[in-house]
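Here the structure is laid out as structure tokens; the discussion comes afterwards.
Everything numeric in this text was worked out from a predicted model, so none of it was measured. Below, chains carry the letters A, B, ... as their sequence lines are ordered, and counting in each starts from 1. Below, all heavy atoms of this structure are taken into account, side chains as well, without hydrogens, waters or symmetry copies.
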Protein chains: 2
Amino acid sequence: MTTVRRSDATRAAILEAARERFASDGYERATIRAIARDAGIDPSMVMRYYGNKEGLFAAASEVEIGLPELGALPARHIGAVLVTHFLERWERDEVLTAMLRVGVTNEAGAARMQAIFAQQLGPVTRGVCPDPEDAPRRAALVASQILGMALTRYVLRLPPAVAMSTEEIVAWLGPTVQRYLTAEAP
Amino acid sequence: MTTVRRSDATRAAILEAARERFASDGYERATIRAIARDAGIDPSMVMRYYGNKEGLFAAASEVEIGLPELGALPARHIGAVLVTHFLERWERDEVLTAMLRVGVTNEAGAARMQAIFAQQLGPVTRGVCPDPEDAPRRAALVASQILGMALTRYVLRLPPAVAMSTEEIVAWLGPTVQRYLTAEAP
DNA sequence: CATGTTGGTCAACGCTTGTTGGCAACGTTA
DNA sequence: TAACGTTGCCAACAAGCGTTGACCAACATG
């Protein structure tokens, strides 16, 4: 029942500009004025449509990770599948990069990143790891490796991390994630 | 031959307050005024002693990692030794957390973090990994896991990552780092 | 035609930021 | 005592920020 408003194009332009700015500048340096300039409209429009800067970020970081079919997969390859999926998702657009950058200096951003990973990674680990009780710990280990690669590759841009192909990364990180999920506790 | 100035205590207080603020707030939100307030002096003193905000950060992020004796170690345990050493270094003070936080939103901070890791991790990988040619790639992999754990544990503070003991972390990450350094390329 | 709603600009507000220069107090040295 | 460099505070500056409210044009509806 959502009718098409005449301002939908503007709203979308604002959101796109916001995602770019948040991804490349972080929360504080991504100013509403700059976002509005990128979108080709007046800063006050941003306020009208998204209330304030926090609301804008909340809208810009609305994200569906879309985890793959977990149960239907061969449990032996789940590590590689997870790494592949996250790399693809990370390179599709800038939303996750924005969330990572913002999450480091902004409380709301950190909470959002935390929620997404818990929500998406939690079920996978619970279904796969040997002892369901330390599923959270294993999820955190997996997150540390995946976020660490995202950090070095997409944010800090360490040259060797940028130069690697996704296949290489999967070949190296896949077994790590696999072990964090399924190996006996050391 | 460096004479003791009467203002050395003030300089040190400024530096300590700056490290704390940069570590907990990141570059933009760590204001000179707040740092001066913490140090109990006037903001203009910060300018006099460190020139400007960038100079203050440069001084506050002067860091020696102090890598352990690389050659004298059993090559089989180098993974665990590295993880242990970085965890200890990370928890000794807030400098590395500050650099990580700042490196995410600030170009100079990213460069600094990059330099430190290249400088400290480079020699170790070159001496240990099978093919010296892809030492940089292996160093980047190690950095991705170590920085990823630092990110989830000290910056994002994912509860399970915070709750783990250092021994647990070493037991989980040690083999990962070991493999990144010494295993045949997959 | 008149009227209300929507999409948009403009100018300003109050506030905080990094940064600067003047000025007073102190310690040292001549 | 007199001159001087050091240490510190105070007050202000220009710029940039998020945010607000008045106002205008276009459109839809009666």
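In this structure, A:Met47 places its CE atom 16 Å from C1' of C:dT9, rounding to the nearest Å. Residue B:Lys53 contributes atom NZ, which lies 9 Å from atom P of C:dT17 at whole-angstrom precision. For the pair A:Arg29 CZ and C:dG18 C1', the computed distance is 15 Å after rounding to whole Å. A straight line from CE of A:Met45 to P of C:dT6 spans 13 Å, rounded to a whole angstrom. Protein atom CZ of A:Arg5 is 8 Å distant from nucleotide atom P of C:dG7, rounded to whole Å. Atom pair A:Asp8:CG and C:dG7:C1' shows a separation of 12 Å (rounding to whole Å applied). B:Leu56 has its CG atom 15 Å from the P atom of C:dT17, to the nearest Å.
Among the protein residues, B:Arg48 comes within range of the nucleic acid bases, having at least one heavy atom under 4.0 Å from a base atom.
Judged purely by atom type and a 3.5 angstrom limit, B:Arg37 has no side-chain atom pairing as donor or acceptor with the backbone of B:Pro43. Formation of a donor-acceptor pair under 3.5 Å by the B:Gln145 side chain with backbone atoms of B:Val177 is not found in this model. Here the side chain of A:Arg21 pairs no donor or acceptor atom with the backbone of A:Thr31 at under 3.5 angstrom. The closest donor-acceptor contact from the side chain of B:Thr125 to the backbone of B:Gly122 lies under 3.5 Å. A donor-acceptor pair under 3.5 Å links the side-chain atoms of B:Arg179 to the main chain of A:Trp172, judged by distance alone. In this structure, A:Asp8 contributes its side chain and A:Arg5 its backbone to a donor-acceptor pair below 3.5 Å. Judged by distance alone, with hydrogens and angles left aside, the side-chain atoms of B:Arg153 form a donor-acceptor pair with the main-chain N or O of B:Met164 at under 3.5 Å.
Salt-bridge formation is not detected for the pair B:Glu62/B:Arg19: no Lys NZ or Arg NE/NH1/NH2 atom is positioned less than 4.0 Å from an Asp or Glu carboxylate oxygen.
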Item to check | Steps toward side-chain contact (heavy atoms from CB on, under 4.5 Å) verdict (B:Leu141, A:Thr152) | outcome: CA-CA 9 Å; B:Leu141 287 164; A:Thr152 54; over 6 Å; no
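Here the CD1 atom belonging to A:Ile32 is positioned 11.5 Å from the CG atom belonging to A:Asp42, to the nearest 0.5 angstrom.
B:Tyr154 pairs in a side-chain hydrogen bond (donor to acceptor under 3.5 Å, both in side chains) with only one of the listed residues (B:Glu91, B:Glu94, B:Arg101), which is B:Glu91.
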Side-chain donor-acceptor pairs of residues 52-60 of chain B under 3.5 Å, sequence neighbours excluded:
unit_1, atom_1, unit_2, atom_2, d
B:Asn52, OD1, B:Glu54, N, 3.3
B:Asn52, OD1, B:Gly55, N, 2.9
B:Lys53, NZ, B:Tyr27, O, 2.8
B:Lys53, NZ, B:Ala30, O, 3.1

Kindly list each side-chain donor-acceptor pair under 3.5 angstrom involving residues 128-140 of chain A, sequence neighbours excluded, with atom names and distances?
unit_1, atom_1, unit_2, atom_2, d
A:Asp131, OD1, A:Glu133, N, 2.9
A:Asp134, OD1, A:Arg138, NE, 2.9
A:Arg137, NH1, B:Glu168, OE2, 3.2
A:Arg138, NH1, A:Tyr180, O, 3.0
A:Arg138, NH1, A:Leu181, O, 3.2
A:Arg138, NH1, A:Ala183, O, 2.9
A:Arg138, NH2, A:Ala183, O, 2.9

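Defined by atom type and a distance below 3.5 Å, a donor-acceptor pair is missing between the side-chain atoms of B:Ser24 and B:Arg29.
Each of A:Glu28 and B:Pro43 was assigned the nucleotide of DNA chain D with the nearest heavy atom; the assignment lying further toward the 5' end belongs to B:Pro43.
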So which protein nitrogen or oxygen atoms get under 3.5 Å of nucleotides 10-13 of chain C's nitrogens or oxygens?
unit_1, atom_1, unit_2, atom_2, d
C:dC10, N4, A:Asp42, OD2, 3.4
C:dC10, N4, A:Ser44, OG, 3.1

All N/O contacts under 3.5 Å from nucleotides 27-29 of chain C to the protein, with atom names and distances to one decimal?
none

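Only at 4.0 angstrom or more do the heavy atoms of residues 18-27 of chain B sit from any atom of DNA chain D, so none qualifies.
A nucleotide of DNA chain D counts as in contact with chain A when one of its atoms lies under 4.0 Å from a heavy atom; the first and last such, 5' to 3', are D:dC17 to D:dG21.
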